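For reference, the structure is listed below as structure tokens.
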Amino acid sequence: MMTSAEIRKKFLDFFVSKGHTIVPSAPIVVKNDPTLKFTNAGMNQFKDYFLGNKKSPHARVADTQKCLRVSGKHNDLEEVGVDTYHHTMFEMLGNWSFGDPANPAAGYFKKEAIAWSWELLTAVYDIPEDRMYVTVFEGDEANKLPRDTEAYEEWKKWIAPKRILLGSKKDNFWEMGDTGPCGPCTEIHVDCRSDAERDAVAGATLVNNDHPQVIEIWNNVFIQFNRLKDGSLQPLPAKHVDTGMGLERLVRVMQGKHSNYDTDLFTGTIARVEAIVGKKYSAGDGIQDVAFRVLADHLRAISFTIADGQLPSNTEAGYVIRRILRRAVRYYYSYLDYKKPLLFQLVPLLAAQFKTVFPELDQQADFVAKVVREEEEAFLRTLEKGLRRMDDLMSALRGSAAKLLPGSAAFELYDTYGFPIDLTGLIARENGFTVDQPGFEAEMQKQKDRSRAATAIDTEDWMVLVDNPLVEFVGYEMLETNTQIVKYRKIKAKGKESWQLVLEATPFYAESGGQVGDTGILHSNGEMISVLDTRKEHDLIVHFTDKLPSDPEAPLIATVDRSKRKATEVHHSATHLLHAALRKVLGTHVAQKGSLVNAGELRFDFSHFAKTTEEELSAVEALVNEKIRENIPVVIRQMPKDEALKLGAMALFGEKYGDVVRVVIIDPDYSVELCGGTHVGATGELGYFKIRHEGAVAAGVRRIEAVSGPAAEAFLSEQFIQLRAVREALKNPPELSRAAETLVAENAELKKKLEKAEAKQLAQLRQQLLTQVQTVGGVAFIGEVVEVGSVDALKKLCFDLKSGLAMLPNTPLFLAVLAANIEGKAAVALLVDEQLVATRQLEAPAIIKQHVAPLIKGGGGGQKTLATAGGQDTSHLAEVIAAVRNLLAAK
RNA sequence: GGGGGAUUAGCUCAGUUGGCUAGAGCACCUGCUUUGCAAGCAGGGGGUCGUCGGUUCGACUCCGACAUCCUCCA
């Protein structure tokens with residue numbers, strides 16, 4: 001039996017023998033494509049070739065591509081692991097031909113693609129012919145699409161006609177979007193059922209019918225049309241082949257298994273999980289078996305995505321990773337009864353398994369495991385919190401007859417505390433409750449509607465002014481150029497209208513590699529239009545503006561905001577110097593994990609396992625500043641990627657296949673990086689470099705915030721001004737920090753002394769008041785206007801009378817009222833004996849509100865035995881005392 | 001980008017219509033007790049209640065902005 005590694009290798013070897021170049025898998029995380037967060041098909045990294053934006057350096061290419069699918073019509077995250085053949089992360093084997101009308105012999109089309117598919121499957125992989133079916137596009141009159149007779153004829157050379165099935169537009173016609181390159185495809189299906197089953201039901205009837213044992217393994221797409229906005233099809237001059245074969249399914253067929261999880265791609269992980277949790281996987285439909293499959297699947301998605309540079313987070317792509325990871329935790333927590341971090345323990349095994357295919361995981365295995373562990377621990381804490389909250393909710397409802405947990409409560413748990421709904425249901429059932437599921441769904445829908453409404457963007461069609469333009473970025477050399485609009489479109493978001501423009505030649509740098517997009521001005525016939533931002537869409541440079549020139553076709557002068565660009569370049573070059581310095585000081589394990597470069601500062605995230613010490617940061621700063629003073633010229637060169645790597649260039653994540661790269665060299669022995677950004681001419685332009693802050697952003701990831709150039713100057717001078725102000729405030733002491741410490745300590749001591757003195761004064765006042773006790777209506781009464789410094793002191797004084805009054809002989813009941821003028825405002829405190837409250841309904845807050853507050857023009861309240869009041873009028877304090885006294889006498 | 005929640009002692013958290021003299025447990029310090037496993041008793045220190053504004057006689061509490069963290073949705 002062939003191992004998965006052999007099967008993968010035979011695929012690649014086979015296409016090498018057919019003149020293909022093998023390219024590495026693109027990262028699973030996608031940059032510069034607003035429509036896509038993750039690579040979800042083998043063709044993603046070649047999109048620009050199909051769209052005609054770019055020309056491929058090789059006509060024939062093959063690879064195995066890491067893909068991730070978590071949503072879409074055929075792949076819902078919640079379904080993965082429930083069945084035996086859907087995955088979040090999978091490998092797509094593919095072979096491509098990029099047609100070139102100028103050199104048709106370099107590529108190939110249907111004839112070769114079909115013949116080679118057949119050869120590989122039958123001669124190399126030995127899959128029996130009588131288990132295979134192929135489908136061919138039947139045509140679609142409504143869409144004016146012809147039947148793919150060409151593919152049909154090619155297949156007839158190899159396979160019995162009864163095994164060639166016709167397929168509908170849904171299954172056998174492939175389109176990237178509503179417009180653009182498209183074409184018919186032909187799929188190869190394999191029937192893996194037993195002979196008895198195959199005799200009973202004809203395989204042909206099960207093709208494309210979601211049968212778990214009759215599965216599609218290979219799709220060959222023939223891109224031959226371009227669909228226009230009006231729906232019509234134009235034949236493409238350059239025809240392409242785009243194929244994809246899921247490795248996991250292929251291996252399952254070759255190894256004769258009924259489940260992808262029984263192949264050697266997954267059995268290692270499952271065995272390790274069995275050993276850790278002490279339970280057995282039995283390949284069945286039970287929830288425990290689902291849990292094993294979920295872990296085996298999700299581990300791959302999480303590990304490879306983190307290795308490609310995407311950390312779990314609460315937005316966008318990072319959030320997808322977090323969700324996958326949490327789903328895995330949920331399953332082992334609930335169904336394998338394992339309450340500790342588990343996934344991270346599996347990372348080394350997976351890394352070793354894929355060491356030769358996707359070495360990036362093995363190279364960062366420690367880092368990935370650390371990130372996963374941290375994330376697991378965080379979620380387990382969240383679960384604990386949720387469990388506590390659930391207990392509260394249920395004990396509040398315990399008395400109710402229905403034992404129904406309201407949907408709003410379940411949603412609150414989910415939405416605010418991150419507590420998964422299925423776990424809520426599980427625990428509710430264990431406690432004899434049910435969850436109002438429809439109520440939950442309704443709340444969820446409300447949230448979705450709200451979010452969607454807030455982000456609704458209405459994008460109109462591109463208005464194309466120039467066909468097949470020469471779009472070019474000229475901003476490396478100049479900051480101003482004559483140009484014109486090539487196409488534009490209107491965007492509506494949150495009731496605001498804005499415009500996106502594509503220019504023929506543009507000096508505007510589009511946000512990329514952490515460097516922010518340029519801003520500036522477009523001059524058109526005396527009109528000035530502000531460019532608010534510049535961003536990339538695939539390889540298009542899109543300018544964001546708030547209006548459109550009155551004549552869109554008029555020539556333009558495009559001018560970049562020079563000072564902002566300059567300050568940004570300073571920070572970009574500083575980032576390279578910093579990166580190199582970190583590797584020199586901390587070690588070569590330092591790898592870039594994220595970067596932000598703008599006019600005001602730079603932010604650099606990198607992998608490192610300990611806090612960077614003061615000494616290390618100083619050393620980094622010193623090294624960068626030394627390189628600045630050396631005034632090293634910044635050399636930028638285009639060269640083949642291999643040559644750049646030989647030079648020691650740090651290959652950053654986010655690089656796709658493509659031969660020529662741009663390399664930024666600041667002293668070949670110091671810093672060599674692949675980079676598309678803009679830079680200063682020589683390091684001396686940075687002037688000075690200063691780290692402002694260092695901290696952690698995630699497990700094993702540190703962040704440095706720093707400034708250079710004018711921003712550094714401004715930062716230092718601001719710090720200096722502050723320091724001078726402090727120094728002056730402290731009367732220029734010889735040792736500033738000591739003086740400040742002494743001052744703080746002295747201040748605390750004085751405060752304490754003052755408090756003591758005030759307390760003593762209050763004690764004296766208290767003694768004095770206790771000698772002035774009168775008896776009113778059989779109650780010991782103190783009523784006095786006093787002089788104290790604060791409302792708190794008055795309250796304390798009044799409260800302290802309690803112990804003295806309680807000790808008076810023969811007078812078990814007491815009442816005290818004190819009034820004071822505090823900084824021009826009236827303050828009153830009233831103390832009532834507990835028994836007095838009970839027997840005569842003399843509640844302090846009531847007295848305060850009804851009898852005291854009106855006299856001082858204010859309000860008040862408190863507890864039954866002690867209440868306070870405040871007011872603006874201090875002229876009736878004596879009357880307050882009299883009023884309370886009269887009230888006591890009357891009761 | 002849009003919601004929800006949180007921020008109180010070194011740590012984990014209470015604090016119910018605005019007015020309890022800002023609290024508990026753990027940790028810390030002192031003393032007592034005790035030769036034993038997460039010891040007991042008594043006493044004590046420690047707080048700009050995230051920041052800044054506002055409302056009010058009075059704000060930990062209400063309102064607004066900001067910051068940080070958690071969480072869901074897009």
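In what follows, chains carry the letters A, B, and so on, assigned in the order in which the sequence lines appear, proteins first and then strands, with residues in each chain numbered from 1. It should be emphasised that the depicted structure is a prediction, and the values quoted were computed from it without experimental measurement.
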Legend entry - Residue whose closest nucleotide on RNA chain B lies nearer the 5' end, A:Gly870 versus A:Gly860: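 Its nearest nucleotide being more 5', the pick is A:Gly860.
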
Inset, instruction - Check the distance between B:rC57's P and A:Lys849's NZ and give it to me in whole angstrom. - result: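 Rounding to the nearest Å, NZ of A:Lys849 and P of B:rC57 are 15 Å apart.
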
Legend entry - Between B:rG5 (P) and A:Glu412 (CD): distance, integer Å: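 From A:Glu412 CD to B:rG5 P: 8 Å.
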
Inset, instruction - Scan nucleotides 49-55 of chain B nucleotide by nucleotide, 5' to 3', and note B when protein non-hydrogen atoms come under 4.0 Å of the base, S if they reach only the sugar-phosphate, - if neither. - result: -------

Inset, instruction - Compute whether any side-chain donor of one residue and acceptor of the other, for A:Glu376 and A:Tyr332, lie under 3.5 angstrom apart. - result: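 The answer is yes; a qualifying pair exists.
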
Legend entry - Euclidean distance for P, B:rG64 against B:rU71 (whole angstrom):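 To the nearest whole Å, 25 Å.
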
Legend entry - Whole-angstrom distance between B:rU17 and B:rG36, as gauged at atom P: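 Taking atom P in both B:rU17 and B:rG36, they lie 50 Å apart.
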
Inset, instruction - Report the C-alpha distance between A:Glu443 and A:Lys446 in whole Å, list the side-chain angles of each, state the deciding distance to 0.1 Å, and finish with yes or no for salt bridge (Lys or Arg N to Asp or Glu O under 4.0 Å). - result: CA-CA 5 Å; A:Glu443 291 289 334; A:Lys446 266 194 247 169; 3.5 Å; yes

Inset, instruction - Just do the side chain to side chain donor-acceptor pair (under 3.5 Å) check on A:Gln445 and A:Glu441 with the steps written out, would you? - result: CA-CA 6 Å; A:Gln445 194 54 47; A:Glu441 306 286 347; over 6 Å; no

Legend entry - Pairs where residues 594-604 of chain A contributes a residue and the test side chain to side chain donor-acceptor pair (under 3.5 Å) is met, not counting sequence neighbours: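 Passing the test, one end in residues 594-604 of chain A: A:Glu601-A:Arg692.
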
Legend entry - N/O (side chain, A:Lys825) to phosphate O (OP1/OP2, B:rG58) under 4.0 Å: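 It does, given that an N or O in the side chain of A:Lys825 lies less than 4.0 Å from OP1 or OP2 of B:rG58.
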
Inset, instruction - Just call it for A:Ile856: base, sugar-phosphate, or nothing, with non-hydrogen atoms closer than 4.0 Å on any strand. - result: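 No contact.
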
Inset, instruction - Run the salt-bridge test on A:Glu377 and A:Arg373 with the 4.0 Å N-O cut-off and return the result as yes or no. - result: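 A:Arg373 and A:Glu377: salt-bridged.
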
Atom pairs under 3.5 Å: protein N/O with N/O of nucleotides 69-74 of chain B:
{"residue": "B:rU71", "atom": "OP1", "partner": "A:Arg326", "partner atom": "NH1", "Å": "3.4"}
{"residue": "B:rU71", "atom": "OP1", "partner": "A:Arg326", "partner atom": "NH2", "Å": "2.1"}
{"residue": "B:rU71", "atom": "OP2", "partner": "A:Arg322", "partner atom": "NH1", "Å": "3.2"}
{"residue": "B:rU71", "atom": "O2'", "partner": "A:Tyr414", "partner atom": "O", "Å": "3.4"}
{"residue": "B:rU71", "atom": "O2'", "partner": "A:Asp415", "partner atom": "O", "Å": "2.5"}
{"residue": "B:rU71", "atom": "O2'", "partner": "A:Gly418", "partner atom": "N", "Å": "3.2"}
{"residue": "B:rU71", "atom": "O4", "partner": "A:Asn314", "partner atom": "ND2", "Å": "3.4"}
{"residue": "B:rC72", "atom": "OP1", "partner": "A:Arg326", "partner atom": "NH1", "Å": "3.2"}
{"residue": "B:rC72", "atom": "O5'", "partner": "A:Tyr319", "partner atom": "OH", "Å": "3.2"}
{"residue": "B:rC72", "atom": "O4'", "partner": "A:Asp415", "partner atom": "O", "Å": "3.1"}
{"residue": "B:rC72", "atom": "O3'", "partner": "A:Tyr414", "partner atom": "OH", "Å": "2.8"}
{"residue": "B:rC72", "atom": "O2'", "partner": "A:Asp415", "partner atom": "OD1", "Å": "3.3"}
{"residue": "B:rC72", "atom": "O2'", "partner": "A:Gln447", "partner atom": "NE2", "Å": "2.7"}
{"residue": "B:rC72", "atom": "O2", "partner": "A:Gln447", "partner atom": "NE2", "Å": "2.9"}
{"residue": "B:rC73", "atom": "OP1", "partner": "A:Tyr414", "partner atom": "OH", "Å": "2.3"}
{"residue": "B:rC73", "atom": "OP2", "partner": "A:Tyr319", "partner atom": "OH", "Å": "2.1"}
{"residue": "B:rC73", "atom": "O4'", "partner": "A:Gln447", "partner atom": "NE2", "Å": "2.8"}
{"residue": "B:rC73", "atom": "O2'", "partner": "A:Ser451", "partner atom": "OG", "Å": "3.4"}
{"residue": "B:rC73", "atom": "O2", "partner": "A:Ser451", "partner atom": "OG", "Å": "2.6"}
{"residue": "B:rA74", "atom": "O2'", "partner": "A:Thr455", "partner atom": "OG1", "Å": "3.2"}
{"residue": "B:rA74", "atom": "N6", "partner": "A:Glu316", "partner atom": "N", "Å": "3.3"}

Inset, instruction - Return yes when atom CD of A:Gln772 has more than 12 non-hydrogen atoms of other residues, nucleotides or ligands closer than 6.0 Å, and no otherwise. - result: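 Enclosed.
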
